[in-house]
Amino acid sequence: MKNLFTALSLFGCIALFSLSANAQDNTWPKTINAQDGSVIKIYEPTPESFTDNILKSRSAISVLLPDSTEPIFGTFWAVETVETDRDNRIISIISAKVPNLKFADNVDPNKVNYIKTTLEANIPTVSPDLPLDAVVTSLGTNTEEKKLSKGLDNTPPQIIYSNQPSILVLIDGDPKMQHNPNWGVDAVVNTPFTIVKNRDDKFYLYGDKHWYSAPAASGPYTYMKNFPDNLLAIQNSVDSTNDSDPGFASDSATTTAIPKVIVSTVPAELIQTNGKPVFTKIDSTNLSYVSNSQNDIFLSKTDQQYYVLISGRWYKADNLGSKWQYVAATDLPSDFANIPEGSPKDNVLASVGGTKEAHDAIMDAQVPQTAKVDRNNASATVTYDGDPQFNDITGTNMQYAINTPNSVILDNGIYYCVDNGVWFQSNSPTGPWVVCVSRPDDVDLIPPTCPVYNIKYVYIYDVDPDWVYMGYTPGYLNAFIYGPTVVYGTGYYYRPWRGRYYYARPYTWGFGIHYNPWIGWSLGYDYGFNWFHIGFGFSAWPGYWGGGWWGPSIYRPPFRPFAYRSRGYYGYHAGFARAGYGYRQSFAGRPSNNLRVNNVYNYRRDVINNNNYRFARPAATRPEVNNPSFNNRPAVNARDNRVNNNVQTDREGNVYQRNGQQWQQRQQSQWRPANNAANNDLNRQQQTETRGQQRTQQFQMDRPTFSRPARNTGSYNGGSNNNSGGGNGGGRRGRR
């Protein structure tokens, strides 16, 4: 497990992609040439629901029969089994059923049945891939995931304000020391930072290629230009390990600004300004934002309160240095919803209840990453610190293991383990483990107060003799729907295991994690790879568990290390991360300019999914990014590929076409003007589709084209780079 865990570490396993193919074809309508000579055109589908791996949608259709000169128009409803590739924002249709087909004209029932059969056979071929963003944008709000994310803790952490360059160093409780024989000193193991106690009984912190000293592990730390000679070996060890990863190599240049070091042994967040706060008014609102800060800090003229957004949650205070209190996303001053798109702070709209950006984030957080698991070869290894120990899970009949970095539960005498998105079971807490085909019912009752809360977001969809079809939603990666928005982390502090080994638990606070609707979740601007020691992703202690900071790798904040203050202390942040479960990318002088995906299935060799690519992006094509909200993102024409896609349907199956600025309804083989109510509904529907198309095109422009593997043939290929998702889906489809 240790080798697997290290391989799954945040800074390892860089996936590179080929640039050889064209971008996905998203042209509508699609054409089917039926065997009887009919020509069937399928117009862009309108999603109606997306649950587990089942997508339900409706589409307008036109059919030109062999003996006709005029097409007939109708609507069909489809139930499609899909695979989801979140990294590349694609939904692949594996199989389709057409339970209903309705025509505006009279059509022979036998012909209707023939068309339904033809659609079912051809949809996976003529329209195998759908843009995930277009589907997410079009969906109405589904409340299923909301029911699973109640009871999160919104109590503010210790919020520390600084008006000078600072770095927050977290230690998970009282410092836990461990002798490092390679370094010849004791080191603090319950932190992702390099803190050692030297032979002179002083503590030394290494970060951003600078050394600091303090009388205690908790500080106060002062910068040291000259440091003891024996620390050079530690510096070289950390730097060489960090630099050895081609995808996450440290920046060659160090920063000229020496930050103040702030240490906290309790959950905390740091907000800071470069000197006194500078306020800039936001047009069309009574809000101002602090422009000399990388944090999302606002001042409302309406109530004279400061507001800050941390891990997707809002807090307010009378001043930046006072006590903060939680504010629900629905209780913000109304001006927050009026922040203009394209403004420097439009990124916060996804965290404001009732905005379309918040809606899109909620829908996106319900889309699973799917894979098929090899029942004969998939395996897991679970490590304990001593004999297995279990605690009760409140509100259930289950227990969870406390002295392991793995997610292990006990239910009715059977042990279950979720290992990197795959359910396993065993008659023993130590295995052997076999692929699970049905998860315990009480899993849905696990409360967020429990450290294994996230496993309820890993599902089993279907089973056949060789494969188990599984998937996980972003909740497995610590991104949860909470009311009308998406937040990061449960907010609870989970006590780590401290025995012979130290096992960390999921963290919500301390690293400035923030969400952007265009780029997703990312780590705070001040945290570069240079600030973390190799224990963050690699083991620095021979024989000591190298599990890293967040415990199981699934908990690690999905971020791409940023070039630390690459344009001065308050320059733009130099990388971005895709929504906690997508991709990460660097723009600022990384040697390899690599892109990393964060699909945990990519790092297993016993599953098949659509996402085992390799990618290398030429520097010449990288867009310039000068603020985290992508303020200068290029304009896109969302209807370039949809000029003939002017036919729509409503929920009742009525068919409409757009003629100039007006909609016409198909009635009795003729197009007639639609009523005002239909016009308004269709306009809204078309605006939603256009917004989804814009998101799709923006993603494609931000991430260049690559070649996707051929569709899965159903054979297991051992997790090579040619893996592709697939499998048809007969049998039972509900969650298990």
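Judged purely by atom type and a 3.5 angstrom limit, K456 uses its side chain to pair as donor or acceptor with the backbone of D444. D208 places no side-chain N or O within 3.5 Å of a backbone atom of H210 that could act as its donor or acceptor partner. Distance alone, capped at 3.5 Å, places no donor-acceptor pair between the D364 side chain and the D360 backbone. At distances below 3.5 Å, not a single donor-acceptor pair connects side-chain atoms of W314 with backbone N or O atoms of D331. Side chain of N286 to main chain of T302: no donor-acceptor pair is present (N/O by atom type, distance under 3.5 Å, no hydrogens or angles). Side-chain N or O atoms of T355 include none that pairs as donor or acceptor with a backbone N or O of A337 at under 3.5 Å. Judged purely by atom type and a 3.5 angstrom limit, E269 uses its side chain to pair as donor or acceptor with the backbone of G512. Looking only at distances, a side-chain donor or acceptor of S293 sits under 3.5 Å from a matching main-chain atom of Q272. Under a 3.5 Å cut-off, the side chain of Q369 and the backbone N or O of G471 do not form any donor-acceptor pair.
A salt bridge between K356 and E341 is present, with a side-chain N of the basic residue lying under 4.0 Å from a carboxylate O of the acidic one.
The aromatic rings of F279 and Y306 sit tilted relative to each other, their planes meeting at an angle between 30° and 60°. Between Y476 and Y472, the angle of the ring planes lies from 30° to 60°, which puts this pair in the tilted group.
Each of Y492, Y515, Y453 was compared with F480 under the ring pair (Phe, Tyr, Trp, His ring centres under 6.0 Å) criterion, and only Y453 meets it. Here the rule is side chain to side chain donor-acceptor pair (under 3.5 Å) with Y493, and of D172, D153, T155 only D172 fits it. For the side chain to side chain donor-acceptor pair (under 3.5 Å) with R313, the qualifying choice from T508, T485, N154 is N154, the only one to do so.
Y400 and S407 are not linked by any side-chain donor-acceptor pair at a separation below 3.5 angstrom, with hydrogens and angles left out of the test. With no hydrogens or angles considered, no side-chain donor-acceptor pair links N478 and Y457 at under 3.5 Å.
Considering OH of Y494 and OH of Y507, their distance stands at 12.5 Å, rounded to 0.5 Å. Separation of atoms CG (L170) and CZ (F193) is listed at 6.0 Å; rounding is to 0.5 Å. With rounding to the nearest 0.5 angstrom, the CG atom of L287 is 5.5 Å from the CD1 atom of I339. Within the model, atoms CD1 of I262 and CD of Q164 stand 7.5 Å from one another, a figure rounded to the nearest 0.5 Å. Here I271 contributes atom CD1 and I310 contributes atom CD1; the two are 6.0 Å apart, rounded to the nearest 0.5 Å. Interatomic distance, NZ of K260 versus CD1 of I167, reported as 13.0 Å (0.5 Å rounding).
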